[in-house]
Structures are given as structure tokens and as C-alpha cells.
Amino acid sequence: MSFSSLGLDPRILQAVQEAGYTDPTPIQAAAIPAILTGRDLIGIAQTGTGKTAAFTLPLLHRMALATPAPRRRTRALVLAPTRELAVQIEENVKAYARHLPLTVATVFGGVGERPQINALRAGTDLIIACPGRLMDLLGQGHGDFTGIETLILDEADRMLDMGFLPSIRRIIRGLPRQRQTLLFSATLSKEIETLTAEFQHHPEIIQIGRRSNPAETVAQWVYEVPAHLKPGLLGHLLENPALSSVLVFTRTKHGADRIARRLDSLHIPCGTLHSNRSQNQRLKALNDFRRGTLRVLVATDIAARGIDVDGISHVVNYDFPPHPEDYVHRIGRTGRAQAIGDAISFVSSDDTGALRDLERFIGRPIPRQKAETFDLSAPAPPRPLEAPSRPQQRPQQRRPPSPAARTSPTAHDPSIYPRHQDPRRRQQQQARRDPRST
Ligand code: AMP
């Protein structure tokens, strides 16, 4: 199937061609004709499948065809969970609408309100917004959404996870009942079904690929590694230049900062993406990563949601995600569209349960891999505090560090652990719970 057979406005087809797309992806081939009929739609598709264009192209077509209202009013609203995703959707929309006389703006927190208020008051044709800030500005009386023809809920599952349901409800209550509502989600959960029952009218469901299965193009494997050796293993893997554009996921923002400091000390260009960073810092890190100035970007799940960077060679799950859905989203960052990518997961003994759950979820085992020249037998760092009140604790048997561990500055660095992951602290907690076990 070609784009031209979809019946889209020639100005949109021209922009698609200029974007370098030749054929529609499966979600585009299925969703575009359905959306053009004006029906409500639920699209179950992972990130990286081309779902942004799947809803944007027919949306722009319908907006280009319809006669604009005499007074400028906002005609389409896209709700997205994070600022990064909102910015990316905006970039996509601007590229596909470059030959159309339509206006686009974003509304999200962490930046000044004034330009967003101006955009709302001007009746910008298409607004892409995060629910929190939009609620605030609508609450202050800005924006006229009585002319909304289309509402799109993108990554709806994540918006629900992030607790946006009350804001979404209040925003939708202010929209015309007569509208087209499109909902995209990586998974079809009970909560999503409730949301669609509330806000959609006989939606058509389009599901691409098996539900929640990671993108087929991503090669995945696991390194079994004790938690204290993860920094050393990451440094070791990064000695391989094939890891040219690497997105590293951590559970916490402090963990992300620690890894970034470590990589800085190894002279590996690296940035971070998490909610303690300002919007400008986040956008700069993302742009530098996109341009290749940064080889590594260390991110937390929420901050990395929806980021769209072509050519990510590897995703590294430095901290294994507790929920299979997060794994699917993380590895969807590489292997986007037709590209090939690799996903590497570090799995320590604490993660074996989560790994088993994931393998059950995706319906197949993930191959285990050994780093050929990396010494996995280096001992955990020494305990700084031996509790004097616990004479029953036998002093830990320590083997002399292996040559690899001696030369690796990362292997013994106690500063790399978040408190709850520090193996020494865990052992102490365990000893406190059950003194016999030590
Ligand atoms: P998305 O799933 O919308 O985040 O898109 C993932 C990536 O695929 C983005 O970099 C898009 O620019 C790209 N893309 C979208 N549609 C196509 C297409 N038909 N052919 C090639 N690349 C595409």
C-alpha cells in the first residue's frame, strides 16, 4: 500500500514524501482510513510503530478540508502525558502540516505560562497539551474549546498511570459532545476500557502486533550481574564503539545523576533526563543526544516517555523495570519504525522475579549473555559500618579483588548506590531482621 492510495490531501502527501516516508506502517495503513471516516478509534500500538503520523495525517486532512469557523477557535486537542512527548508530537505535526495554513501550539508545565495563554486566547487550530497545565489555564478562563472537532488521547495508559484521570475528565467535560475521539495506548487494560466507555462512541479498535509484545525489530538480551558491578559493566560495554547512541534507564533520578557522573569521569559524553531538570535542560539534553553530541542519555521512565530519537543503537536497562509494560516502552525507544536496535538488561539477584514476570508477559525467554572480558566475581564493596551491638555477625570473608576489579574504578565505588539498593545496607537490614542468617 502507498500513501497516495489513502486519499490524503496532496499537500499532506507532499510533506510525507519530504519526511522521507515511502510506505505507511501497519498502524498507519489500518488507522488512517478509519479516522478519515470520522469514527472514534482505539489504537493499540507500541511507541515506534508510527502511531503519531497515524493520527496526525488524517486529522490534518479533515482540518484542511473543513471550512474554518469565522472566529478562530481551537479545533483539535491532543492530550499527552509528558512535555517531551508533547514537543515531539508538535514537531511531527509541524512537519506534516508545513504546506497547510494551520496553527499549532503546546501547553505544558515547567515553562512560562504567557506564550501558552496567548496561544489559547488566539484560538490556535491545534493544541497539544499535558493535562495538568491545561487544566490550570482553562481554570483561569483561557481558551475556547467549544469548537473542538477532534480529541486525541495519546499514551492514554501512561496518563492514567500518572494520575491524570481527574484532569482529563474535567477537560473533556468542557468539550462539545459532538466530536471525534481517538485514543492510543500500548496496552488495553480495564482502566482504558472504562475510559473509552466514558468518552468514546462505538469506537473501532485497531491493534497492531500482539498485545504488549516488544517491537519485533529489537534484539534483546540479559546480563546477570551483581548490583555492585553494574557501573563497571556499563563502562565495560561502552568500550565497544558499536554502542554509539545509548539510552540508559534507571529507577531513580539520583541513580541517573550518579551514572552520569561516573560516565563523565570516564570521558563519555553523557546527559540526563529526569524530572529534577528544568524543561530547558531536558530539551537541550534531548537535542544534544539527537545530534550525536551526547553518546549516552541516562533517563528515568517518566521523563523518557515518548522520546523520539532516530538511530538509538542500544537501550540499557541499568535498573530492571519492575513492570513488564515499562520494559516494553523502554525498548520501544530503539528499533523505531523499521530500524534495528538492541536492548540490554542488567539483572541482579533482586530482579529475577521481575524477569520471570516479563518473560511470561512477552511469551518467550530473553537470552542470557556473558561479557567476555568482564570479571563478574569481584566482591561487593566492604561494609563501612559494622554494628558493634551484633557480635553474632561473622566478619565477612573477603577475597582479594580480581585484577579487573582493581583496575576498574567503578567496581568498588560505594557512592553509586541509591540507599535502597546498596548491597551492604541490604545485608545489614537482613541481619537486623534475622540475626541467624548472618
Ligand atoms: P512514533 O511511533 O509515532 O513515535 O514514530 C516512530 C518513528 O517512525 C518516528 O521517528 C517517525 O518519524 C517514523 N515514521 C513514522 N511513520 C513512518 C513511515 N511511514 N515510514 C518511515 N518512518 C516513519
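Atoms within a ligand are numbered from 1 in the order they appear, just like the ligands themselves.
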Checklist entry - So is Val16 in contact with ligand 1, going by heavy-atom distances below 4.0 Å? => result no
Item to check | Test item: side-chain donor near acceptor, Asp125 and Thr103, under 3.5 Å | outcome: yes
Checklist entry - Got an N/O contact under 3.5 Å between Tyr96 and ligand 1? => result no
Item to check | Ligand-residue contact atoms, ligand 1 with Asp23, heavy atoms, under 4.0 Å | outcome: 18 (C), 19 (N), 20 (N)
Checklist entry - Would Arg261 and Asp257 pass as an ion pair if we require N to O under 4.0 Å? => result no
Checklist entry - Between Ile35 and Phe55, which heavy-atom pair has the shortest distance, and what is it? => result CD1-CA, 3.9 Å
Next on the checklist: Please state which option from Gln28, Lys51, Glu155 has its nearest heavy atom closest to atom 15 (C) of ligand 1.
Outcome noted: Gln28
Item to check | Atom indices of ligand 1, in the order listed, that fall short of 4.0 Å to a heavy atom of Thr25 | outcome: 17 (C), 18 (C), 19 (N)
Item to check | Contact summary for Arg39 and Gln180, nearest pair of heavy atoms | outcome: O-NE2, 2.6 Å
Next on the checklist: Which residue is it: Arg75, Arg177, Arg73, Arg179? I am looking for the one with a salt bridge (Lys or Arg N to Asp or Glu O under 4.0 Å) to Glu149.
Outcome noted: Arg75
Next on the checklist: Within ligand 1, which atoms have a heavy atom of Thr52 less than 4.0 Å away?
Outcome noted: 1 (P), 3 (O), 4 (O)
Checklist entry - Do any nitrogen or oxygen atoms of Thr49 lie less than 3.5 angstrom from nitrogen or oxygen atoms of ligand 1? => result yes
Next on the checklist: Less than 3.5 Å apart, any donor N or O on the side chain of Glu84 or Gln88 sitting next to an acceptor on the other?
Outcome noted: no
Checklist entry - Are a donor atom and an acceptor atom from the side chains of His61 and Asp9 found within less than 3.5 Å of each other? => result no
Next on the checklist: For the 3.5 Å polar cut-off, considering only N or O atoms, please tell me whether Thr22 and ligand 1 meet it.
Outcome noted: no
Next on the checklist: Is there a polar contact between ligand 1 and Phe3, counting only N or O atoms under 3.5 Å apart?
Outcome noted: no
